[in-house]
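Data block below; observations after.
In what follows, every chain begins at residue 1, and chains take the letters A, B, ... in the order their sequences are listed. Hydrogens, waters and symmetry mates are skipped; everything else that's a heavy atom, side chains included, is used.
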4 protein chains.
Amino acid sequence: MSLRYLTAGESHGPALVGILEGMPSGVPVEGDAIAHQLARRRHGHGRSPRMRFETDAYEILGGVRHGLTLGSPVAVVIRNAEWPKWREAMGVDAPDDPAAVAGTARGKPLTRPRPGHADLAGMQKYQFDDARNVLERASARETAMRVALATVARGLLDAVDVTVLSHVVRIGDVGVADGTVATPDDIGRIDDDPVRCVDRAASLRMQDAIDRARADRDTLGGVIEVLGHGVPPGLGSHVHWDRKLDTRLAAALMSIQAFKAVEIGDGVQLGAVRGSQAHDEIAPAEGNGAAVRRLTDRSGGIEGGMTTGAALRVRATMKPISSLTQPLRTVDTASGEEAVAITQRSDVCAVPRAGVVAEGVVAFELARALLDKTGGDSLDEVRRNLTEYLAHLPVTSVS
Amino acid sequence: MSLRYLTAGESHGPALVGILEGMPSGVPVEGDAIAHQLARRRHGHGRSPRMRFETDAYEILGGVRHGLTLGSPVAVVIRNAEWPKWREAMGVDAPDDPAAVAGTARGKPLTRPRPGHADLAGMQKYQFDDARNVLERASARETAMRVALATVARGLLDAVDVTVLSHVVRIGDVGVADGTVATPDDIGRIDDDPVRCVDRAASLRMQDAIDRARADRDTLGGVIEVLGHGVPPGLGSHVHWDRKLDTRLAAALMSIQAFKAVEIGDGVQLGAVRGSQAHDEIAPAEGNGAAVRRLTDRSGGIEGGMTTGAALRVRATMKPISSLTQPLRTVDTASGEEAVAITQRSDVCAVPRAGVVAEGVVAFELARALLDKTGGDSLDEVRRNLTEYLAHLPVTSVS
Amino acid sequence: MSLRYLTAGESHGPALVGILEGMPSGVPVEGDAIAHQLARRRHGHGRSPRMRFETDAYEILGGVRHGLTLGSPVAVVIRNAEWPKWREAMGVDAPDDPAAVAGTARGKPLTRPRPGHADLAGMQKYQFDDARNVLERASARETAMRVALATVARGLLDAVDVTVLSHVVRIGDVGVADGTVATPDDIGRIDDDPVRCVDRAASLRMQDAIDRARADRDTLGGVIEVLGHGVPPGLGSHVHWDRKLDTRLAAALMSIQAFKAVEIGDGVQLGAVRGSQAHDEIAPAEGNGAAVRRLTDRSGGIEGGMTTGAALRVRATMKPISSLTQPLRTVDTASGEEAVAITQRSDVCAVPRAGVVAEGVVAFELARALLDKTGGDSLDEVRRNLTEYLAHLPVTSVS
Amino acid sequence: MSLRYLTAGESHGPALVGILEGMPSGVPVEGDAIAHQLARRRHGHGRSPRMRFETDAYEILGGVRHGLTLGSPVAVVIRNAEWPKWREAMGVDAPDDPAAVAGTARGKPLTRPRPGHADLAGMQKYQFDDARNVLERASARETAMRVALATVARGLLDAVDVTVLSHVVRIGDVGVADGTVATPDDIGRIDDDPVRCVDRAASLRMQDAIDRARADRDTLGGVIEVLGHGVPPGLGSHVHWDRKLDTRLAAALMSIQAFKAVEIGDGVQLGAVRGSQAHDEIAPAEGNGAAVRRLTDRSGGIEGGMTTGAALRVRATMKPISSLTQPLRTVDTASGEEAVAITQRSDVCAVPRAGVVAEGVVAFELARALLDKTGGDSLDEVRRNLTEYLAHLPVTSVS
């Protein structure tokens with residue numbers, strides 16, 4: 001039974017709640033690691049004033065004792081600092097006077113669904129006449145919990161020397177230079193950059209693009225690259241469609257709010273080149289007996305649904321935020337009349353921070369695939385099994 | 001519990017086997033529907049001589065009686081017409097004289113793993129010194145079974161007037177004209193086209209590109225678009241990451257052999273435009289009281305992880321086939337020496353036929369999401385529940 | 001995708017946490033329903049002083065707004081009132097001075113595993129030298145969260161007139177009279193009884209047996225019967241082993257801490273009688289055209305893995321509590337020497353309250369099977385689909 | 001992702017089909033092991049003439065090469081030797097003349113549902129007016145495939161020295177003597193016994209009971225005990241309800257056709273004794289440093305949802321077969337009139353052969369739990385990981 005998680009909580013509800021089930025025991029959960037990751041997620045040029053309210057005070061309520069996982073489910077709660085303001089509009093209990101609540105600014109039913117958001121389809125599916133009942137859960141606020149839980153999974157990856165990082169490779173029409181590569185050494189620099197871009201020149205142009213979009217009351221999307229270093233070969237499998245690591249990574253990345261494309265390695269570009277230019281040829285690793293190396297990196301480190309031992313590399317595209325301050329046209333579902341979409345406080349561009357979420361879901365999938373490979377119920381056992389596996393490889397891959 | 005399936009079988013083994021579990025009763029399984037879909041999958045300019053051997057003789061061995069599903073698991077077996085030739089090399093039982101088998105052309109261990117294929121990572125993961133033990137299962141031959149099982153799921157979709165189709169939008173550097181649209185009316189024309197392309201001019205250039213690649217002993221990939229017409233709003237969900245329909249579609253499409261990218265709607269392009277140009281504005285549907293319509297189709301018919309009622313539209317990129325007749329460089333794992341990769345009979349370009357597979361996995365996911373929505377254990381019950389759901393929508397979407 | 005849940009939290013940790021995922025929208029969550037169920041679970045002659053500390057202050061942190069479910073995951077947190085006392089011994093963060101913590105009464109490693117508990121196997125599996133790391137999660141305290149989440153599932157059942165109840169049919173060597181039957185009318189009387197027994201004479205003897213066991217510093221187990229009234233026919237399925245409702249009920253009931261047997265209907269007794277005495281014959285329901293009724297109730301309302309429309313009836317056996325005040329023999333894992341098992345505050349007999357947990361897990365499985373049958377994303381839709389299903393039955397069952 | 005399987009096929013359909021997914025590579029699949037297990041399942045005093053037709057000719061169609069698993073899904077097909085007789089009544093394709101088929105003995109709709117069988121509930125759930133559409137799949141014939149697939153799982157258990165066996169402990173009112181114990185040494189004797197009973201005197205009385213029941217045109221059920229020897233400690237887990245091994249075993253055993261009760265260890269009896277008599281005290285294993293042993297075996301080798309390292313012991317109760325030659329009362333669903341139930345050829349007592357099925361499902365769950373513990377994708381890796389785990393146990397259990 002694999003690693004799994006559930007999250008709960010509405011954007012303006014009392015809290016986000018998450019449970020991560022299936023971690024081995026003995027994995028370090030550093031005191032401030034979750035806080036650090038949540039702070040990274042709040043980061044970025046283009047963020048909205050709302051982000052300032054997201055202080056993300058969290059508690060670990062289960063599964064960790066004295067800094068180590070217990071093997072039991074890990075539970076995290078992140079309180080909503082704004083909850084007092086929302087207590088009436090989002091209260092759990094039926095209000096004594098529903099009409100009074102519906103008359104308040106926050107409690108008023110939202111009937112002008114935003115194009116590009118879950119609002120309308122959610123109202124249809126769940127039979128709601130108030131879009132708030134949809135958008136509260138559809139909000140990207142939920143990803144804060146995924147980042148928190150992924151931090152625990154990253155603790156396991158750290159312990160076996162797997163590093164996951166991300167950087168922004170495009171915002172709107174501004175992309176990084178061809179051949180731009182990020183490595184674990186760049187992490188500090190990426191996190192310090194206002195748009196989490198490793199290419200300084202591109203970063204300045206991206207910031208400028210964001211500023212212009214803000215001035216025009218518009219929004220921007222972009223593309224993120226997530227990398228995994230130190231990933232052993234043989235995670236995932238070719239034997240069944242739902243065991244392939246690219247299957248799982250595609251699912252995980254596409255599940256992030258507003259993501260519309262996922263690419264493994266060179267992705268879409270691989271559709272335009274010939275086979276002789278599309279694969280990573282194999283050569284002996286010099287001075288290393290039975291080991292082999294790759295002459296290029298086009299596959300993104302995945303062949304046949306399995307990691308090759310080369311760096312993992314995937315890209316994901318985020319569409320521009322659908323809550324514009326210059327709202328889009330819609331229909332008021334209460335009246336059937338033309339209207340402008342409801343406006344929620346929102347970022348101009350959420351791509352930099354979405355990269356942290358993307359890292360998180362990739363880390364979760366790598367931890368899951370690792371545990372599927374090694375089994376083991378304690379960190380020591382996981383480590384032993386991994387070490388033995390690598391020691392018995394018929395061929396060693398050098399990255 | 002949702003619709004699910006398992007497939008089994010090696011490329012040169014005795015047969016492919018598949019079980020589809022969770023279908024309601026009473027769904028028509030037309031006598032030649034599976035044969036028809038399997039034939040579509042064998043189609044296409046650029047296919048290899050091997051395809052001629054794939055007569056795909058199949059049997060339904062469970063779950064269907066007198067042309068209708070029984071609600072029980074549906075089992076399909078597709079025999080390998082070439083099995084007599086492979087009986088020794090791929091036999092189930094331990095051979096009396098393993099060395100003799102290893103000395104035959106087909107039984108000889110394969111030790112020159114192909115870049116771009118599962119060969120090397122599979123040998124490492126499963127501890128094999130013969131790549132045949134990997135490539136037999138990693139082969140795209142397995143997708144014949146997915147197409148067969150998906151045909152049963154398509155029977156359900158047909159019964160509720162949902163149509164899934166696909167067409168090729170790029171092969172190598174040749175793409176269709178911007179704005180090319182395919183509709184259910186084009187299905188016959190697409191299937192008659194040698195590369196399953198709806199744009200006749202582009203088709204000719206695609207065929208030419210394939211011919212040139214063949215002449216150069218090279219291979220080509222490309223891009224497929226899959227469309228769903230008649231899809232009701234509200235399939236999938238925004239409430240949890242693994243219930244989102246785009247999550248599932250991304251997984252399903254990326255799981256197809258050699259696929260490296262998945263895009264929902266305008267996909268990667270959405271990362272390059274502003275929010276005001278990225279979403280589908282909503283307007284009253286004229287002359288249709290409570291109904292609404294969309295002014296554009298950029299989202300691919302999915303918002304917030306749910307279908308909107310507009311046509312579903314997704315794209316997937318296939319890399320060029322990794323078995324080249326002019327083989328790539330590799331290492332012989334037995335000797336550690338440089339070598340050229342093993343050569344398997346193979347297509348020059350499998351994109352046209354991969355489109356049929358892509359249709360199949362999308363159809364499966366739509367049937368699954370439909371059943372998650374409607375419940376129901378007989379076709380009548382599914383239909384009733386769907387009709388009632390649509391009759392009670394707070395707002396109707398017109399596509 | 002079916003209804004599912006995860007729970008987290010250690011017995012003396014800061015809180016229990018639970019997430020229930022897959023509920024439709026619009027299901028009433030009454031203000032005090034969870035409190036009521038949690039109070040029922042604390043009830044019962046034979047409980048320990050610890051129960052007094054279990055005030056079970058809970059919060060719903062997601063998935064419910066204004067008294068109705070939102071379709072999103074429902075999150076519940078139950079705080080541990082004793083947490084301040086345990087903050088050091090069970091703290092999440094690594095202590096500054098581990099040795100100091102290990103020197104405290106609560107922080108001292110537990111090395112004398114209790115026979116009958118998870119202690120020893122858990123230490124082996126997860127590589128612990130402190131049994132506290134196991135017993136904190138293995139404790140039946142976790143079932144408080146299952147009861148809380150099940151209350152939400154019961155809201156759905158209530159809305160379609162399905163009632164789940166339980167009563168104690170044996171404690172130690174005292175059983176109820178043969179033929180004792182409980183109905184929804186008895187719920188108040190059962191809950192008022194100190195051992196939740198519907199047979200007043202047996203109840204007194206059960207209480208006496210508990211008192212005698214306490215005097216002897218011993219413990220008692222027993223048997224619970226759980227009943228479902230108003231359950232429609234056709235929940236579960238015969239088509240695959242893991243869709244059978246009895247499969248799922250057996251799993252759910254056996255998963256409760258200290259449960260060692262599950263029986264459907266007459267259960268073990270059915271192994272001792274002949275076929276002519278083992279089944280429920282079918283007869284026309286008088287004055288009710290197409291309807292049928294059963295002449296007996298031996299099957300427990302499940303045939304072929306499906307509900308028959310008769311009352312559901314299952315029994316489960318709980319072993320005596322393994323924490324005795326007169327402790328059992330064990331080995332000190334630190335020294336390898338003979339020792340007596342660690343003593344935790346504990347009940348003499350937990351059977352009455354375990355019945356409430358058993359109700360909960362049965363309610364969860366019924367809600368899950370109902371949603372698998374009806375589909376539907378709002379209570380209205382679930383109700384409509386159920387009504388239509390029942391209106392179209394080829395034969396109606398009258399219970 | 002855990003070991004899993006699907007089965008398909010109707011009792012009188014062309015074949016049974018099964019796929020077992022998740023096996024590591026390199027596990028021996030002995031030429032006649034499946035045949036041997038299928039023959040054991042056909043065994044037993046009390047079987048019907050139908051059994052003679054069950055020659056169970058099977059083929060492995062995937063996942064095995066040269067006597068070893070490939071890590072890919074294992075597919076098995078068991079042909080129905082009687083298929084030619086049933087080709088018309090059970091044909092896959094819609095008949096040209098449905099009325100003609102409905103007029104044949106085998107094709108005639110069955111409208112007198114058998115009490116105790118899935119017939120009636122299945123007709124209601126799936127909206128059928130012919131019980132054949134239900135009973136074909138509900139039949140215990142399906143268990144032949146479970147036995148076949150379980151044989152592959154047993155190959156893995158054999159390779160790590162885990163042995164699963166079963167014996168009959170009750171048929172009707174005849175039970176074995178108290179304290180009867182079966183060990184792996186008894187397997188030959190049990191299989192040679194006409195009712196698979198290790199107690200020779202009881203066996204004779206059981207056979208006599210069966211003969212008397214047959215004479216009375218009645219049927220008998222009974223109780224089976226399944227044992228697991230050599231099971232390492234720590235399979236399963238206490239951390240979540242659905243990871244507990246007893247949860248899974250209860251599900252697996254209850255899922256067998258006609259099973260109505262499952263007991264772990266002393267099961268129901270544990271509800272009647274005091275705690276001081278209910279648990280297995282722990283003592284140092286003499287002459288074995290850090291090892292411990294148990295003084296009794298009441299728990300069945302499972303505590304807290306995990307194996308203890310002692311022998312696994314579970315019991316399951318089968319009700320008498322519901323197809324009596326002296327049929328039970330029912331209603332004709334076509335007419336609404338009183339009727340006698342349809343008669344299918346059937347055993348008088350299926351308990352002996354059901355024991356082989358019970359072994360199979362237990363073996364599957366043990367293999368699954370083992371792989372969850374060890375991970376590993378080849379038998380060598382599984383073995384290494386298990387060996388290392390056992391070498392690092394903080395305390396060793398001696399059984």
What part of [X] gets closer than 4.5 Å to chain A, counting heavy atoms only: side chain, backbone, both or neither?
{"X": "B:L249", "value": "neither"}
{"X": "B:R217", "value": "neither"}
{"X": "B:D173", "value": "both"}
{"X": "B:R329", "value": "both"}
{"X": "B:R243", "value": "neither"}
{"X": "B:V134", "value": "both"}
{"X": "B:L328", "value": "both"}
{"X": "B:T317", "value": "side chain"}
{"X": "B:S397", "value": "both"}
{"X": "B:Y5", "value": "both"}

In plain terms, say whether [X] and [Y] are close enough for a salt bridge, that is, a side-chain N and a carboxylate O under 4.0 Å apart.
{"X": "B:D372", "Y": "B:R248", "answer": "yes"}
{"X": "B:E263", "Y": "B:R315", "answer": "no"}
{"X": "B:R294", "Y": "B:E303", "answer": "yes"}
{"X": "A:K260", "Y": "B:D266", "answer": "no"}

Heavy-atom pairs under 4.5 Å with chain A - which of [options] has more of them than the others?
{"options": "B:L393, B:L235, B:V268", "answer": "B:V268"}
{"options": "B:V351, B:L390, B:L324", "answer": "B:L324"}
{"options": "B:I171, B:D119, B:D216, B:D332", "answer": "B:D216"}
{"options": "B:G267, B:A316, B:A258, B:P113", "answer": "B:G267"}
{"options": "B:G221, B:G309, B:S322, B:A272", "answer": "B:A272"}
{"options": "B:V314, B:T219, B:D280, B:V174", "answer": "B:T219"}

Would you mind telling me which of [options] has the largest number of heavy-atom pairs within less than 4.5 Å of chain B?
{"options": "A:Q269, A:R274, A:M254", "result": "A:R274"}
{"options": "A:V223, A:T7, A:T308, A:L220", "result": "A:T7"}
{"options": "A:V273, A:L135, A:T333, A:I302", "result": "A:V273"}
{"options": "A:Q277, A:R114, A:R146, A:E142", "result": "A:R146"}
{"options": "A:S255, A:S237, A:A283", "result": "A:S255"}
{"options": "A:R170, A:H240, A:K244, A:M318", "result": "A:H240"}

Structural part of [X] lying under 4.5 Å from a heavy atom of chain B:
{"X": "A:D246", "value": "both"}
{"X": "A:L245", "value": "neither"}
{"X": "A:R137", "value": "both"}
{"X": "A:A213", "value": "both"}
{"X": "A:K319", "value": "both"}
{"X": "A:R112", "value": "neither"}
{"X": "A:S335", "value": "neither"}

Counting distance only, does the side-chain N/O of [X] pair as donor-acceptor with the main-chain N or O of [Y] below 3.5 Å?
{"X": "B:H238", "Y": "A:A121", "value": "no"}
{"X": "A:T307", "Y": "A:P232", "value": "yes"}
{"X": "A:T296", "Y": "A:R298", "value": "no"}
{"X": "A:H279", "Y": "B:P320", "value": "yes"}

Output, in order, the C-alpha distance, side-chain angles, deciding distance and verdict of side-chain contact (heavy atoms from CB on, under 4.5 Å) for B:I264 and A:F259.
CA-CA 9 Å; B:I264 310 291; A:F259 276 44; over 6 Å; no
How long is the straight-line distance from CG of A:D130 back to CD of A:E136, given to the nearest 0.5 Å?
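One finds 9.5 Å between CD of A:E136 and CG of A:D130.
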Consider only side-chain N and O atoms of A:T247 and A:D242, and report whether a donor and an acceptor are under 3.5 Å apart.
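No pair is found: no donor N or O on one side chain lies under 3.5 Å from an acceptor on the other.
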Would you say the side chain of A:P394 lies within less than 4.5 Å of the side chain of B:D129, judging by non-hydrogen atoms?
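Sidechains of A:P394 and B:D129: no contact.
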Side-chain contact, heavy-atom cut-off 4.5 Å: A:V169 with A:I224?
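The answer is no, as the side chains (C-beta and beyond) never meet within the 4.5 Å cut-off.
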Where [X] and [Y] come nearest, the two heavy atoms and their spacing:
{"X": "A:A252", "Y": "A:V361", "answer": "O-CG2, 3.7 Å"}
{"X": "B:H117", "Y": "B:A138", "answer": "CE1-CB, 4.0 Å"}
{"X": "B:R293", "Y": "B:A285", "answer": "CD-CA, 3.9 Å"}

A:K125/B:Y389 under side-chain contact (heavy atoms from CB on, under 4.5 Å): CA gap, chis, key distance, verdict:
CA-CA 9 Å; A:K125 181 180 183 74; B:Y389 163 62; 4.2 Å; yes
